[in-house]
Amino acid sequence: MTVERSEGDVTRERTVVVLSDSLAYYGPVGGLPADDDRIWPNLVGQRLGRRVELFGRIGWTSRDIWWAITQDPNIWAALPHADVVVLAYGGMDSLPSPLPTALREQIRYLRPGRLRQVVRDGYSWLQPRASRLGWPMALPPRVTVEYLEKVRDAIAQLRPELPIVVCLPPTHASPYYGNVHTGRIPTTTAMRTWADEHGLPTVDFYPITRDAFTDHPDEMNPDGIHWGFACHAEIAAITAPVVQSALVGDGDDGAAAR
């Protein structure tokens, strides 16, 4: 583990902060603890000799990441000590969401329980069928970029020298979304353009996830959204060198990505 001296001659671990949705910590059968060494953020950390601080939740869009940045004191504590921030979200933004996301989020609060179950069943029946339209998306690309910029600007206000790496959306093969992902290309294009404008390096998750869902579907999560461990390893393999380059560009040689 790489450490460095801080004020008062106290050592601290050098960290990679990852802001993500559930793709960072779900495996082939469900969610995993943030310290599981098989998920891609921790595989990246292992390659770079750095501890990973992962912040994410299932279903998070760019808007949810922004809310987390402004509300979660754990993120406030992590950013001042980070060596690099990886923005690994946007995939949820690009999914078809013909029914308002707010409707889905409010179902859990319905009472009594019997009414809640009826509404949830109705939502589960309608969502995949309406998703075949491919529109509207959970967040339009323009709004995704607006929230990305808010996050970037907030980090820059706190740590203007802190490197940021942007991960471009993967794909899915999920019946829950009608096996439709027409929003990926416009979202990816918008995110890449925004990253280029700010000189931020990018990692494209699409090719690996496309091939994994096509060639090795039995290794992936049956929900058609989350990944198997081989896919996590491949994602880590393409992400680690980009993160390493961002660190070197910031004047930090660090550990070589293996």
Side-chain angles (χ1 to χ4, degrees), residues 17-26 54-72 75-76 79 85-109 123 126-158 162-172 174 176-206 209-210 224-226 239:
V17 169
V18 178
L19 303 177
S20 185
D21 51 31
S22 59
L23 292 175
Y25 63 89
Y26 262 60
L54 171 61
F55 301 94
R57 188 171 174 181
I58 191 167
W60 267 9
T61 65
S62 299
R63 178 169 51 202
D64 297 298
I65 296 288
W66 167 243
W67 288 340
I69 284 279
T70 60
Q71 298 174 12
D72 189 342
I75 298 179
W76 305 346
L79 287 176
V85 175
V86 179
L87 306 183
Y89 55 88
M92 286 299 301
D93 302 37
S94 68
L95 293 177
S97 184
L99 299 175
T101 302
L103 173 62
R104 182 190 68 206
E105 295 297 320
Q106 295 302 313
I107 291 175
R108 72 183 76 177
Y109 301 112
Y123 184 94
L126 185 57
Q127 166 68 20
R129 290 165 174 81
S131 290
R132 294 169 189 163
L133 297 172
W135 182 90
M137 296 157 56
L139 285 182
R142 172 185 57 81
V143 177
T144 294
V145 167
E146 288 176 359
Y147 281 110
L148 281 165
E149 177 56 20
K150 287 184 177 183
V151 170
R152 186 205 65 81
D153 184 62
I155 293 172
Q157 292 291 331
L158 179 67
L162 185 60
I164 297 174
V165 173
V166 180
C167 300
L168 301 177
T171 192
H172 71 89
S174 176
Y176 300 112
Y177 292 94
N179 293 295
V180 171
H181 203 184
T182 54
R184 183 193 64 81
I185 292 177
T187 298
T188 298
T189 300
M191 291 178 65
R192 193 191 300 274
T193 300
W194 168 81
D196 289 346
E197 289 173 352
H198 293 283
L200 305 179
T202 59
V203 186
D204 192 350
F205 284 5
Y206 171 69
T209 55
R210 174 202 60 204
I225 299 172
H226 299 100
T239 304

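For S97, the side-chain contact (heavy atoms from CB on, under 4.5 Å) test picks out T101, A138, with sequence neighbours left out. Residues forming a side chain to side chain donor-acceptor pair (under 3.5 Å) with T202 (at least two apart in sequence, or on another chain): none. Under the rule for a side chain to side chain donor-acceptor pair (under 3.5 Å), D153 has no partner lying at least two apart in sequence or in another chain. Taking Y176 as the reference, S174, D223 meet the side-chain contact (heavy atoms from CB on, under 4.5 Å) condition, with sequence neighbours excluded. For M191, the side-chain contact (heavy atoms from CB on, under 4.5 Å) partners two or more places apart in sequence, or in a different chain, are T144, L148, V166, L168, P169, T187. Shown here are the side-chain contact (heavy atoms from CB on, under 4.5 Å) partners of D196, two or more places apart in sequence or in another chain: R192. With sequence neighbours excluded, no residue satisfies side chain to side chain donor-acceptor pair (under 3.5 Å) with T239. Applying the salt bridge (Lys or Arg N to Asp or Glu O under 4.0 Å) rule to R184 yields no partners; only residues at least two apart in sequence or on another chain are considered. Residues satisfying the ring-ring contact (aromatic ring centres under 6.0 Å, His included) criterion with Y26, sequence neighbours excluded, are H226. Listed by chain and number, the residues in a ring-ring contact (aromatic ring centres under 6.0 Å, His included) with W194 are H198 (sequence neighbours excluded). H181 is linked by a side chain to side chain donor-acceptor pair (under 3.5 Å) to S94, T171, counting only residues two or more places apart in sequence or in another chain.
Taking a cutoff of 4.0 Å between a charged side-chain nitrogen and a carboxylate oxygen, K150 and E146 do not qualify as a salt bridge.
With rounding to the nearest 0.5 Å, the separation of OH in Y89 from CH2 in W66 is 10.0 Å. The distance from atom OH of Y123 to atom CD1 of I107, rounded to the nearest 0.5 Å, is 6.5 Å. In this structure, CZ in R210 is found 9.0 Å from CG in D204, a value given to the nearest 0.5 Å. The OH atom of Y147 sits 6.0 Å away from the CH2 atom of W67 when rounded to the nearest 0.5 Å. Distance CG/L200 to CG/L87: 8.0 Å, rounded to 0.5 Å. Put simply, CD1 on I65 and CG on D72 are 10.0 Å apart, with the number rounded to the nearest 0.5 Å.
Between the W76 side chain and the I69 main chain, a donor and an acceptor come within less than 3.5 Å of each other.
Contact between A88 and S20 at its shortest, heavy atoms only, is O-OG, 2.9 Å. Between P96 and Y177, the shortest heavy-atom distance links the atoms O-CD2, 3.5 Å. The shortest heavy-atom contact between G90 and S62 is CA-OG, 4.4 Å. Of all heavy-atom pairs between A24 and L54, the closest is CB-CD1, 3.8 Å. Annotation for P141 and A190: closest pair CB-CB, 3.7 Å, computed over non-hydrogen atoms.
Within the 4.5 Å cutoff, the side chain of M92 has heavy atoms near those of the L95 side chain.
The 12-atom threshold is not exceeded at CD1 of I185, counting heavy atoms of other residues, nucleotides or ligands nearer than 6.0 Å.
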Legend entry - Working for side chain to side chain contact (heavy atoms under 4.5 Å, CB included), residues I164 and R152: CA-CA 8 Å; I164 297 174; R152 186 205 65 81; 4.0 Å; yes
